[in-house]
Structure formats: structure tokens, C-alpha cells
Amino acid sequence: MAPSAFKNFLVTFLMPEKCYERFFVNFRMNGACLRFVMNRVMGLLILLDTFLAQLPQLLKILWRRSADGLSLTSTLLQLYAFSCPVVYAIAHHFPLFAWGERLITLTQTAAIVFLILYYRGRTLTGILFLLAFGGAIFLLASYAAAAVVSAMQASSLPAVIASKVFQAGTNHSNDSTGQLSSLSVLLSWAGSLGFIFVSLQETGNWLATVSHTLSACLSCVLLAQVFCPDATKKKSE
């Protein structure tokens with residue numbers, strides 16, 4: 001029963017049956033099957049990052065009723081980064097199924113921004129910000145010039161990288177990661193690995209590869225700060 005369930009899982013999510021037979025029945029490596037599996041795994045990592053990376057952070061804030069240690073600047077940069085593909089998709093009239101997951105991530109990040117302000121006693125500012133942000137998204141998606149929309153799309157990855165720099169700096173300054181979700185950071189790191197693989201295999205864009213590699217390295221820094229508190233604390237004289 002267990003081997004059958006294992007086979008069903010692999011064939012359903014990771015590989016065709018012929019590849020399963022080669023790997024686990026004949027015990028033979030196959031380059032085409034290996035590439036197929038790697039593409040599927042990396043695609044799943046990107047999907048998890050896109051759909052779920054922000055959710056653990058949002059739930060942790062709600063559960064702890066605190067946003068201590070989270071950098072507002074970092075979260076605002078993430079909000080901008082996640083809004084860029086949404087604006088781009090709406091402006092180009094892409095069907096909802098092609099970018100709906102981005103809208104989910106954007107909504108979660110907007111909620112995190114509001115909660116950071118709320119738990120800092122700035123509820124009205126948070127409400128006004130959400131209203132202004134929603135209006136800005138609508139105006140940009142409806143009326144912004146194509147060059148502006150394209151520039152936003154191109155700047156989304158640098159914004160993600162900058163957000164990680166600010167959060168790492170906040171962790172170092174506070175000697176603590178506060179309510180930073182280790183699972184969110186881990187999913188972001190996994191997504192970066194997926195994007196590195198895709199950029200190497202499909203686009204061949206060296207700048208994108210370097211950018212995603214830098215993003216993955218910064219996620220490693222954040223992971224080290226979360227799991228190794230001594231790496232976060234500053235040395236005291």
C-alpha cells in the first residue's frame with residue numbers, strides 16, 4: 001500500500017510513469033527524466049512562494065497580536081514589488097487565472113502592512129494607506145503609460161532584494177527577529193531557487209539569474225538570523 005501511494009504521489013505531481021519506472025524499477029538515471037523532475041520541483045517551489053510565502057507571516061502576526069521586529073520599509077517594498085505584476089497584468093488585459101495568485105499575495109502583503117501600523121497604534125493611517133494604495137493600483141493599471149508599467153515590472157525584483165536588506169538590517173539593529181516568520185523566509189528562499197533554475201534553463205538572462213541569486217543569498221541571511229539568534233545579536237563591548 002505504501003509503495004503504491006508513493007508511486008501515485010510521484011506520478012501525479014513530479015514525473016510521468018515511464019520516468020518512475022526508470023528511476024525506481026530499473027534503477028537507471030535518465031537525463032530527460034531528471035530535467036523533467038527538476039523543472040517540476042522548481043515550478044512547485046515557485047508556486048509555493050507565490051501562493052503561500054506571505055501567509056505564515058500574516059498568521060503569525062494575528063496569532064501573536066504583535067508586529068514587533070518587522071520592518072515597515074521592508075514590507076512596503078514587498079507590497080510595491082507584488083503590485084508590479086498585478087498592474088502589468090491588468091494593464092495588458094491578461095485573464096485573471098494568469099495572475100490571480102499574484103493578487104492573493106498582494107492582498108496578504110497589504111494586510112501585513114495594515115497590521116504593522118495597527119499594532120503600532122496608527123490604525124487610521126493604516127486605513128487611509130489601504131484606500132490610497134487601492135486607488136493608486138486602479139489608476140496605474142487603467143491610465144499609466146506603457147513605459148511606466150514596464151518600468152514597474154522591471155523594478156519589482158530589485159524591490160524584493162531591497163526589502164530583504166532592510167529586514168536583515170532591522171533584525172541586526174534590534175538584536176532579534178521579533179515576529180518575523182521563519183516559514184515565510186524559507187518559502188521565499190525556496191522560490192528564489194526556483195527562479196534561478198528557470199532563468200538558467202529557459203530565459204538565459206544573466207541579470208535575472210544574478211538578481212535571483214542575490215535574493216536567495218539574502219534569504220539565507222534572514223534564515224541564519226531566525227534560526228541562529230547569536231548571528232543576529234551585535235557584539236557588545
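Remark: Phe195 engages His212 in a ring pair (Phe, Tyr, Trp, His ring centres under 6.0 Å) (not counting sequence neighbours). The ring pair (Phe, Tyr, Trp, His ring centres under 6.0 Å) search around Phe24 returns Phe6, Tyr20, not counting sequence neighbours.
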For residues 116-126, which side-chain donor-acceptor pairs fall under 3.5 Å, sequence neighbours excluded?
from, atom 1, to, atom 2, distance (Å)
Arg120, NH2, Leu70, O, 2.7

Sequence neighbours excluded and cut-off under 3.5 Å, please list the side-chain donor-acceptor pairs for residues 213-222, or say none.
from, atom 1, to, atom 2, distance (Å)
Thr213, OG1, Thr209, O, 2.7
Ser215, OG, Lys164, NZ, 2.7
Ser215, OG, Ser192, OG, 3.3
Ser219, OG, Lys164, NZ, 2.7
Ser219, OG, Ser215, O, 3.2

Quick one: side chains of residues 72-81, donor-acceptor pairs under 3.5 Å with protein atoms, not counting sequence neighbours, listed by atom name and distance.
from, atom 1, to, atom 2, distance (Å)
Ser74, OG, Ser163, O, 2.6
Thr75, OG1, Ser71, O, 2.9
Gln78, OE1, Gln54, NE2, 3.0
Tyr80, OH, Ser155, OG, 2.6

Can you give me every donor-acceptor pair (side chain of residues 93-103, partner residue at least two apart or in another chain, under 3.5 Å) with its distance?
from, atom 1, to, atom 2, distance (Å)
Trp99, NE1, Phe94, O, 3.0
Trp99, NE1, Pro95, O, 3.2

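In the hydrophobic clustering of ILVMFWY residues, with side-chain heavy atoms under 4.5 Å counting as a link, Ile61 and Phe129 come out together. Each of Phe36 and Val41 belongs to its own hydrophobic cluster when Ile, Leu, Val, Met, Phe, Trp and Tyr are linked at side-chain heavy-atom distances under 4.5 angstrom. Under the 4.5 Å side-chain heavy-atom criterion for grouping Ile, Leu, Val, Met, Phe, Trp and Tyr, Leu157 is not connected to Val87 through any hydrophobic cluster. Val210 is not connected to Val165 by any chain of hydrophobic side-chain contacts under 4.5 Å among Ile, Leu, Val, Met, Phe, Trp and Tyr, and they are in different clusters. Cluster membership for Phe82 and Phe114, using ILVMFWY side-chain heavy atoms within less than 4.5 angstrom, is shared.
Glu21 places no side-chain N or O within donor-acceptor distance of the main-chain N or O of Pro16, the cut-off being under 3.5 Å. Side chain of Ser184 to main chain of Ala53: a donor-acceptor pair is present (N/O by atom type, distance under 3.5 Å, no hydrogens or angles). No side-chain donor-acceptor contact under 3.5 Å links Gln167 to the backbone of Leu180. In this structure, the side chain of His172 does not engage the main chain of Ala168 through any donor-acceptor pair within 3.5 Å. Under the 3.5 Å distance criterion, the side-chain polar atoms of Asp49 are left unmatched by any main-chain donor or acceptor of Leu45.
Separating the OG atom in Ser83 from the CG atom in Leu140 is a distance of 8.0 Å, to the nearest 0.5 Å. Here the OG1 atom belonging to Thr109 is positioned 11.5 Å from the CD1 atom belonging to Ile104, to the nearest 0.5 angstrom. The CD atom of Gln179 lies 11.5 Å from the CG atom of Leu62; values are rounded to the nearest 0.5 Å.
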**OP:** Please assess Met38 against Phe197 for the test side chain to side chain contact (heavy atoms under 4.5 Å, CB included), listing each intermediate value before the final yes or no.
**Re:** CA-CA 9 Å; Met38 286 297 298; Phe197 183 83; 3.7 Å; yes
**OP:** Report the C-alpha distance between Ile161 and Ser211 in whole Å, list the side-chain angles of each, state the deciding distance to 0.1 Å, and finish with yes or no for side chain to side chain contact (heavy atoms under 4.5 Å, CB included).
**Re:** CA-CA 8 Å; Ile161 293 172; Ser211 298; 4.1 Å; yes
**OP:** Would you sort out whether Phe51 and Thr105 count as a side chain to side chain contact (heavy atoms under 4.5 Å, CB included), showing the intermediate values?
**Re:** CA-CA 6 Å; Phe51 269 106; Thr105 305; 5.9 Å; no
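Across Ala144 and Val149, no two heavy atoms sit closer than the pair CB-CG2, 4.0 Å. Closest approach of Ile46 to Gly191, counting heavy atoms only: CG1-O, 4.0 Å. Contact record, Gly69 with Thr170: O-CG2, 3.7 Å, taken as the closest heavy-atom pair. Residues Leu55 and Gln108 share a closest heavy-atom pair of N-OE1, 3.5 Å.
Atom CZ of Phe166 has 12 or fewer neighbouring heavy atoms from other residues, nucleotides or ligands inside a 6.0 Å radius.
Between Asp68 and Ser66, the side chains place a donor N or O and an acceptor N or O closer than 3.5 Å (distance only, hydrogens not considered).
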